[in-house]
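Notes for the one structure printed next.
Keep in mind the model is a prediction, meaning the values are calculated, not measured.
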Amino acid sequence: MLRIAAFLFASLFGVVAVSSAETPSSYTHEIEQWRAGRVARLTAPDGWLSLIGLEWLHEGANRVGSAAGNDIVLKAGPAHLGTVTLAADGTVRIALDKDGGATVDGKSVAEAALIDDMHAAAGTDPTTVRFGNASFFVIDRDGRKALRVKDTDAEARRHFLGIDYFPIDPSWRIEAEWVPFVPEHDLEIGTAIGTIDKVKVPGKAVFHRDGHTFELLPYQEEPSGELFFVIADKTSGKETYGAARFLYAALPAGGLAKPGKLVLDFNQAYNPPCAFTPFATCPLAPPENRLDIAVTAGEKKYRGHH
């Protein structure tokens, strides 16, 4: 009981790593619950497995529909859905075909502005065009605009093969030292679509494994959000997805500006969307986060294909 109580305290406050000799069943249950939630999000009707298209817009009018004569040919929906117009200033509008049966944010309209995912108000979704089981919204990647198309009946979702994992290993739940950067460092991260994202790195996580010291650089996707690590290791391209795996960590108890401790739980390292679909725009592990060690924890390479 004392060991379990100590573990629960550590889980809440991130102050100690778990040793193999102190493996409470509650930790295994915690990881199993995390895995179940991960699969539920991945396979949700609007999850990453529902993607059926990533269609880049050219400036001017883009005719959209499932018929072959359109500028953008969708894998689902009416033959002629409408025309999406990308203006020189980056704004996007859609004029719907009157017989297409599509809606914009649930409303039947003739035309509307389409707010992309980078310019939607905080806490709100981009403008969504829906038609039957399918939908799309506009994404902005480094100034380029594209339609991200989803379908609840997507083949990848219907034929999902599940996720394979390394065995749960508490020794990969590691307490790391947090070393803040003042000022923040700049980091360039490549993406699967060939763009470069520039992010601010508030510090580094330093940890020890097998007698060696390793460092990882995180960034925050949202202000005050969790630390986000894009990593690779000696399993990458072999047992695990080659481009990267993702890992989140709670902020150090004392905040990012002070030296402290944080927990890196590699049992929660997971595959990016690009491991499951060609229609995602994932970051790639930067050279600084390519570990010279085999991280035999977390998700393995997906058995399916796209």
Side-chain angles (χ1 to χ4, degrees), residues 14 17-20 23 27-28 30-39 41-43 47-49 156 160-177 187-194 197 199 201 204-219 221 226-250 262-278 280-306:
V18 178
S19 72
S20 297
T23 306
Y27 178 67
T28 297
E30 174 191 328
I31 297 301
E32 289 173 344
Q33 283 189 314
W34 182 88
R35 290 177 175 179
R38 152 76 169 150
V39 171
R41 291 187 294 274
L42 183 64
T43 59
W48 287 110
L49 293 177
F160 178 56
L161 298 180
I163 296 176
D164 296 320
Y165 304 91
F166 290 102
I168 297 172
D169 182 352
S171 75
W172 278 108
R173 185 182 187 275
I174 298 174
E175 183 184 71
E177 301 286 337
L187 179 66
E188 293 187 345
I189 296 184
T191 72
I193 59 171
D197 292 335
V199 300
V201 177
K204 62 182 178 181
V206 182
F207 68 95
H208 307 284
R209 180 81 183 186
D210 298 339
H212 298 279
T213 300
F214 302 95
E215 299 180 355
L216 288 173
L217 302 180
Y219 62 97
E221 296 177 298
E226 292 181 296
L227 294 174
F228 178 52
F229 297 84
V230 184
I231 65 172
D233 63 272
K234 284 190 171 181
T235 69
S236 300
K238 301 170 186 176
E239 296 101 322
T240 63
Y241 184 60
R245 285 190 290 172
F246 294 168
L247 179 67
Y248 283 94
L262 76 161
V263 172
L264 301 176
D265 194 339
F266 291 97
N267 290 290
Q268 295 182 359
Y270 69 97
N271 290 323
C274 290
F276 304 95
T277 174
T281 61
C282 307
L284 310 176
E288 295 86 345
N289 283 358
R290 295 184 174 272
L291 298 170
D292 190 24
I293 188 174
V295 179
T296 53
E299 291 186 9
K300 292 184 175 182
K301 186 184 299 184
Y302 181 51
R303 285 178 288 121
H305 60 86
H306 56 66

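Residue Thr43 comes nearest to Val39 through the heavy atom pair OG1-O, 2.7 Å, listed as atom of the first residue, atom of the second, then distance. When all heavy atoms of Ala269 and Ala297 are compared, the pair lying nearest together is CB-O, 4.4 Å.
Aromatic ring orientation, Phe160 versus Tyr302: parallel (interplanar angle below 30°, classes split at 30° and 60°).
For Phe166, the ring pair (Phe, Tyr, Trp, His ring centres under 6.0 Å) test picks out no residue, with sequence neighbours left out. Glu226 pairs by the side-chain contact (heavy atoms from CB on, under 4.5 Å) definition with Tyr248, not counting sequence neighbours. Here Glu299 pairs with Arg38, Asn271 under the side chain to side chain donor-acceptor pair (under 3.5 Å) rule; sequence neighbours left out. Qualifying side-chain contact (heavy atoms from CB on, under 4.5 Å) partners for Ala232, counting only residues two or more places apart in sequence or in other chains: Ser236, Ala285, Arg290. Thr281 pairs by the side-chain contact (heavy atoms from CB on, under 4.5 Å) definition with Leu54, Ile139, Arg141, Arg148, Ile193, not counting sequence neighbours. When the side chain to side chain donor-acceptor pair (under 3.5 Å) test is applied to Thr191, the partners found at least two apart in sequence or on another chain are Thr195. Legend: residues meeting side-chain contact (heavy atoms from CB on, under 4.5 Å) with Ala243, ordered by chain and number and at least two apart, are Tyr241, Leu284. In this structure, Phe229 has no ring pair (Phe, Tyr, Trp, His ring centres under 6.0 Å) partners at least two apart in sequence or on a different chain.
Among Tyr165, Phe246, Phe207, the single residue meeting the ring pair (Phe, Tyr, Trp, His ring centres under 6.0 Å) criterion with Phe266 is Phe207.
Applying the salt bridge (charged side-chain N to carboxylate O under 4.0 Å, His left out) test to pairs two or more places apart or on separate chains, those with a residue in residues 204-213 are Lys204-Glu215. Applying the salt bridge (charged side-chain N to carboxylate O under 4.0 Å, His left out) test to pairs two or more places apart or on separate chains, those with a residue in residues 230-246 are Asp233-Arg245, Lys234-Asp292. Sorted by first then second residue, the salt bridge (charged side-chain N to carboxylate O under 4.0 Å, His left out) pairs that include residues 262-277, not counting sequence neighbours, number zero.
Rounding to the nearest 0.5 Å gives a distance of 6.0 Å between CG of Leu217 and CG of Leu187.
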